[in-house]
S.K.: 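One structure, pasted below without further comment.
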Amino acid sequence: QVRLVESGGGLVQAGGSTTLSCAASESIFAFNILGWYRQAPGKQRELVATLTPDDTRNYADSVKGRFTISRDNAKNTVLLQMNSLEPEDTAVYYCNARTMGTPYDYWGQGTQVTVSS
């Protein structure tokens with residue numbers, strides 16, 4: 001029933017910026033935690049950033065200070081602002097929403113971000 005639809009991504013030059021969006025089919029406050037993950041070729045999926053209903057934010061060390069996770073409540077949308085991009089940020093990025101209670105994860109379809117040197 002729940003759908004997470006991602007938009008954004010593409011080719012970005014090193015040092016540049018871009019924003020990913022994730023639109024949910026229901027209120028984002030239905031979820032215990034919202035997040036963004038990424039997976040690069042040959043590497044396991046890793047957590048990039050999380051956001052809770054009380055606005056607590058956490059970031060992976062590799063993106064801290066460069067990426068910002070936020071929400072647009074009116075649009076049921078989670079955003080990931082990415083600044084000072086590096087080639088090492090190249091990956092498929094996935095939006096994630098985890099339900100309250102017994103955890104259940106919903107995932108976006110993934111969007112490719114490629115950072116050129």
Side-chain angles (χ1 to χ4, degrees):
Q1 183 179 36
V2 175
R3 302 283 185 179
L4 302 178
V5 180
E6 300 179 32
S7 60
L11 180 63
V12 186
Q13 65 180 8
S17 300
T18 194
T19 299
L20 305 181
S21 297
C22 175
S25 60
E26 64 181 71
S27 173
I28 56 179
F29 289 104
F31 304 104
N32 187 51
I33 191 168
L34 304 165
W36 288 93
Y37 289 74
R38 69 185 181 186
Q39 186 168 22
K43 300 178 66 177
Q44 67 178 19
R45 185 179 58 187
E46 65 175 347
L47 182 64
V48 175
T50 60
L51 175 64
T52 57
D54 67 350
D55 291 327
T56 299
R57 292 167 169 83
N58 288 284
Y59 299 95
D61 289 341
S62 59
V63 308
K64 194 172 300 181
R66 300 188 297 118
F67 290 10
T68 303
I69 187 171
S70 62
R71 66 166 65 85
D72 185 332
N73 295 329
K75 297 180 180 179
N76 290 330
T77 298
V78 181
L79 306 171
L80 184 68
Q81 173 68 45
M82 301 186 291
N83 299 324
S84 302
L85 284 163
E86 305 167 352
E88 292 75 18
D89 296 316
T90 295
V92 177
Y93 285 73
Y94 298 92
C95 179
N96 170 263
R98 178 167 291 179
T99 58
M100 298 179 181
T102 301
Y104 184 88
D105 288 313
Y106 293 95
W107 294 93
Q109 79 276 16
T111 185
Q112 176 73 43
V113 175
T114 301
V115 183
S116 63
S117 59

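When reading the values below, keep in mind they use all heavy atoms of this one structure, side chains included, and skip hydrogens, waters and symmetry mates.
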S.K.: Less than 4.5 Å apart, side chain to side chain, heavy atoms only: is that true for Trp36 and Cys95?
M.R.: yes
S.K.: Side-chain contact test, heavy atoms from C-beta onward, threshold under 4.5 Å: evaluate it for Val92 versus Tyr94 and give yes or no.
M.R.: yes
S.K.: Using the rule given for side chain to side chain contact (heavy atoms under 4.5 Å, CB included), can you reason through Asn76 versus Ser25, listing the C-alpha separation, both sets of side-chain angles and the distance that settles it, and then say yes or no?
M.R.: CA-CA 7 Å; Asn76 290 330; Ser25 60; over 6 Å; no
S.K.: Quick one: closest heavy-atom pair of Phe29 and Met100, and the distance?
M.R.: O-CE, 3.6 Å
S.K.: I need the minimum non-hydrogen distance between Leu4 and Ala24, along with the two atoms involved.
M.R.: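 Answer, listing the atom of Leu4 first, then Ala24: CD2-CB, 3.7 Å.
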S.K.: Can you check whether Thr50 reaches Thr52 side chain to side chain, under 4.5 Å on heavy atoms?
M.R.: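 No, too far: nothing below the 4.5 Å cut-off.
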S.K.: For a quick check under 3.5 Å, do Thr19 and Gln81 share a side-chain donor-acceptor pair by atom type?
M.R.: yes
S.K.: Going through the checks in order, is the side chain to side chain contact (heavy atoms under 4.5 Å, CB included) test met by Asp89 and Val113?
M.R.: CA-CA 8 Å; Asp89 296 316; Val113 175; 5.7 Å; no
S.K.: What residue among Gln39, Met82, Gln112 forms side chain to side chain contact (heavy atoms under 4.5 Å, CB included) with Tyr93?
M.R.: Met82
S.K.: Is there a side-chain contact between Ser116 and Leu11 (heavy atoms, below 4.5 Å)?
M.R.: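 They are in contact (side-chain heavy atoms under 4.5 Å apart), so the answer is yes.
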S.K.: Under 4.5 Å between any side-chain heavy atoms of Glu86 and Val115, yes or no?
M.R.: no
S.K.: Is there a side-chain contact between Asp55 and Arg71, using heavy atoms and a 4.5 Å cut-off?
M.R.: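 When only atoms from C-beta onward are counted, Arg71 and Asp55 do touch, with a gap below 4.5 Å.
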S.K.: Measuring from Thr77:OG1 to Ile28:CD1, what's the distance to the nearest 0.5 Å?
M.R.: 7.5 Å
S.K.: Would you compute the distance between atom CZ of Arg38 and atom CG of Leu80 and round it to the nearest 0.5 angstrom?
M.R.: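 Between atom CZ of Arg38 and atom CG of Leu80 there are 9.5 Å.
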S.K.: Testing the basics here: between Ser17 and Ser84, what is the closest heavy-atom pair and its distance to 0.1 Å?
M.R.: OG-N, 4.1 Å
